[in-house]
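Taking it in order: structure first as structure tokens, then the write-up.
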Amino acid sequence: MIWFDIEGSWAGTPASHIAFIHGLINQATDMGVRWGIYTSRSQWGPITDNTSEFGAPALWYAHYDNSPSFSDFVPFGGWAHPSIKQFMGTSTVCGVGIDKNFY
Amino acid sequence: MTLGNSYSFAIVRVYEEIGQVDPNGAQTIKNAWAGGMAHVDGYIFPCLRCGNPAQQVSHDEQTISNENLLLSL
């Protein structure tokens with residue numbers, strides 16, 4: 001499946017961002033590609049005004065607390081439960097730069 | 001990175017926020033499977049200022065198809 005990375009400083013209004021995200025999702029759906037959303041509460045809030053209009057698709061959230069556990073998860077947007085957590089940023093494993101995830 | 005390090009799932013960037021398919025994505029996906037991953041997904045970092053989100057997804061999927069890449073369902 002494909003994850004859409006929704007983070008960063010997005011110019012424009014939350015409404016325009018939501019329309020853009022719909023564009024990504026609609027194309028993936030039309031092509032029969034399973035998709036999920038990578039984001040975090042601190043990103044989703046400003047970008048979409050914490051919308052819940054996408055319901056609760058698979059959520060890969062980021063919280064760099066170095067804890068491979070969902071116990072820190074606080075609901076946001078339309079989400080009550082996450083699928084994957086990115087718990088640590090840039091780390092090096094076998095000489096490769098990665099972020100660490102738990103599911 | 002192989003299964004020897006207890007990682008079994010990789011999610012590889014396939015599209016960059018500057019507005020292009022990630023040139024390293026295809027090889028990284030192939031390497032992940034070759035290294036013994038049980039699951040390999042991709043992620044798209046969309047280009048907001050580029051507009052046309054449908055085209056970004058379409059270009060990405062075209063590359064996945066052209067390169068015969070396998071992603072977990």
Side-chain angles (χ1 to χ4, degrees), chain A residues 1-39 43 46-48 54 58-62 68 83-88 90-103, chain B residues 1-22 24-32 34-67 69-73:
Chain A
M1 66 188 283
I2 289 290
W3 299 87
F4 294 118
D5 188 341
I6 307 302
E7 67 170 305
S9 179
W10 287 30
T13 64
S16 71
H17 304 156
I18 289 168
F20 182 87
I21 295 167
H22 273 299
L24 296 169
I25 289 169
N26 291 344
Q27 182 66 29
T29 301
D30 283 353
M31 298 182 87
V33 176
R34 196 154 76 91
W35 56 272
I37 301 283
Y38 167 87
T39 191
Q43 305 297 305
I47 290 171
T48 71
F54 298 102
L59 174 66
W60 174 22
Y61 79 108
S83 297
I84 308 178
K85 172 186 177 183
Q86 189 166 84
F87 64 91
M88 183 49 59
T90 309
S91 312
T92 304
V93 174
C94 297
V96 176
I98 62 162
D99 299 329
K100 293 186 178 181
N101 299 281
F102 161 82
Y103 70 103
Chain B
M1 173 181 1
T2 71
L3 265 180
N5 256 295
S6 306
Y7 293 101
S8 61
F9 188 175
I11 306 177
V12 176
R13 189 177 65 189
V14 291
Y15 201 91
E16 306 181 272
E17 100 183 286
I18 56 174
Q20 64 179 26
V21 172
D22 189 318
N24 298 315
Q27 191 58 54
T28 303
I29 287 170
K30 292 172 184 175
N31 291 348
M37 292 294 123
H39 306 283
V40 181
D41 281 355
Y43 75 90
I44 290 176
F45 202 141
C47 175
L48 180 74
R49 63 175 170 75
C50 298
N52 206 338
Q55 187 176 82
Q56 296 180 40
V57 173
S58 180
H59 279 167
D60 183 72
E61 289 304 315
Q62 189 62 55
T63 298
I64 289 168
S65 172
N66 291 345
E67 295 278 342
L69 300 178
L70 176 66
L71 295 182
S72 297
L73 294 176

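Within every chain, numbering begins at 1; the chains are lettered A, B, ... in the order of the sequence lines, protein sequences first and strands thereafter. Below, each value reflects all heavy atoms present in this structure, side chains not excepted, and no hydrogens, waters or symmetry copies.
- Options B:Leu73, B:Ile64, B:Asp60 differ in how many heavy-atom pairs under 4.5 Å they form with chain A, and the most are formed by B:Leu73.
- Taking CZ from B:Phe9 and CD1 from A:Ile84, the interatomic distance works out to 4.0 Å, rounded to the nearest 0.5 Å.
- Atom-to-atom distance recorded for A:Tyr103:OH and B:Ile11:CD1 is 9.0 Å, nearest 0.5 angstrom.
- The two atoms that bring B:Pro53 and A:Gly23 nearest to each other are CG-CA, 3.7 Å, heavy atoms only.
- Note on B:Val40, B:Leu48, B:Leu71: by heavy-atom pairs under 4.5 Å with chain A, the leading option is B:Leu48.
- Residue pairs meeting the side-chain hydrogen bond (donor to acceptor under 3.5 Å, both in side chains) criterion with at least one member in residues 38-57 of chain B, sequence neighbours excluded, are A:Trp3-B:Asp41.
- Residue contact with chain A, scored on non-hydrogen atoms closer than 4.5 Å, involves the backbone of B:Cys47 exclusively.
- The contact between A:Met1 and chain B is made by backbone and side chain atoms together, counting heavy-atom distances below 4.5 Å.
- Both the backbone and the side chain of A:Phe20 come within contact range of chain B, judged by heavy atoms closer than 4.5 Å.
- B:Val57 is not listed as a side-chain neighbour of A:Ile2, based on a closest heavy-atom distance of 4.5 Å or more.
- Looking at B:Val14, the atoms closer than 4.5 Å to chain A (heavy atoms on both sides) all sit in the side chain, from C-beta outward.
- Each side-chain hydrogen bond (donor to acceptor under 3.5 Å, both in side chains) pair with one or both residues in residues 18-30 of chain A, not counting sequence neighbours, appears once here: A:His22-A:Glu53, A:Thr29-A:Trp35.
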